[in-house]
Amino acid sequence: FILIIFISLIILYFIWYLKIAHLTEKKLIILQNNLKENNVIFTWENIEKFGFPYRVVNKLNSVKINSNNIEIYLENLNIIYQPWNIKHIILKSSEIVNILSQNNKIIIHPDLMASIRINKFNKKIIAINIDEINILNNQYSHKINKPEIYFRENNKKQLLYSIKIKELFY
């Protein structure tokens, strides 16, 4: 009898996990459409799913983001959800991120990690940790080591932020 209950619980968890995995992909498509309405084009070549049983990982390959003459390209981006709390999202990339605009090129070196938490009042708290950023222009070059960037919304829907930089070279 206990074995039947145990197997039933595993099957129920598996079904619940599949529903959460489907929901995360659906939310990604909704995000893509919302960005498009604001003139931000967010595309990817394909999605790989993995992470069972502890997390849901949507690995986006060949990610491109275009807006106002700015182009961002990532070889891959992992969007990680924990099945028990899909309002906490982790973004992770171990590839170089290239950001191109008219006269500037920003290179974010591997090991980008961001955490997005949405609280019960639907306010977002975002923390971004980056290994290194290079900003290149025709006239100058800057290097920023170990920056940490934090954002949060206050009760008036205003965006508050903080930037911590370990080292800045120019």
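Hydrogens, waters and symmetry mates play no part in the numbers below; they use all other heavy atoms, side chains included. Since this is a predicted model, take the numbers as computed values, not measurements.
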Under 3.5 Å donor-acceptor, Asn137 side chain and Gln139 backbone = yes
Could you tell me the separation between the [atom1] atom of [X] and the [atom2] atom of [Y], rounded to the nearest 0.5 Å?
X	Y	atom1	atom2	result
Asn119	Lys124	CG	NZ	9.0 Å
Ile41	Asn66	CD1	CG	7.5 Å
Phe151	Ile116	CZ	CD1	10.5 Å
Lys146	Ile130	NZ	CD1	11.5 Å
Ile107	Leu100	CD1	CG	8.5 Å
Ile30	Asn34	CD1	CG	7.5 Å

Looking at residues at least two apart in the chain, or sitting in another chain, which of them share a ring pair (Phe, Tyr, Trp, His ring centres under 6.0 Å) with Tyr140?
-> His142
Partner set under ring pair (Phe, Tyr, Trp, His ring centres under 6.0 Å) for Phe14, not counting sequence neighbours = Phe52
Does Tyr13 have any side chain to side chain donor-acceptor pair (under 3.5 Å) partners at least two apart in sequence or in another chain, and if so, which?
-> none
With Ile47, the side-chain contact (heavy atoms from CB on, under 4.5 Å) member among Thr24, Leu28, Asn61 = Leu28
Please say whether more than 12 non-hydrogen atoms of neighbouring residues, nucleotides or ligands are located less than 6.0 Å from NZ in Lys123.
-> yes
Contacts of Glu132 meeting side chain to side chain contact (heavy atoms under 4.5 Å, CB included) (sequence neighbours excluded), chain-then-number -> His109, Asn134, Lys143, Asn145
Shared ILVMFWY cluster between [X] and [Y], side chains joined below 4.5 angstrom?
X	Y	value
Ile29	Leu31	yes
Ile163	Ile126	yes
Trp44	Val40	yes
Leu136	Ile99	no
Leu91	Ile133	yes

Would you call [X] and [Y] a side-chain contact if the rule is heavy atoms closer than 4.5 Å?
X	Y	value
Tyr161	Ile149	no
Glu167	Phe169	yes
Leu60	Phe42	yes
Trp16	Pro83	yes
Lys27	Ile86	yes

Qualifying residue for salt bridge (Lys or Arg N to Asp or Glu O under 4.0 Å) with Glu25, from Lys59, Lys19, Lys49 = Lys49
Pair up each side-chain donor or acceptor in residues 67-82 with any protein partner under 3.5 Å, not counting sequence neighbours, and list the distances.
unit_1, atom_1, unit_2, atom_2, d
Tyr73, OH, Glu75, OE1, 3.2
Asn76, ND2, Glu95, OE2, 3.4

Write down the atom of Ile128, the atom of Ala114, and the distance for their closest heavy-atom approach.
-> CG1-CB, 3.9 Å
Residues which pass salt bridge (charged side-chain N to carboxylate O under 4.0 Å, His left out) with Glu48, listed by chain and number, not counting sequence neighbours = none
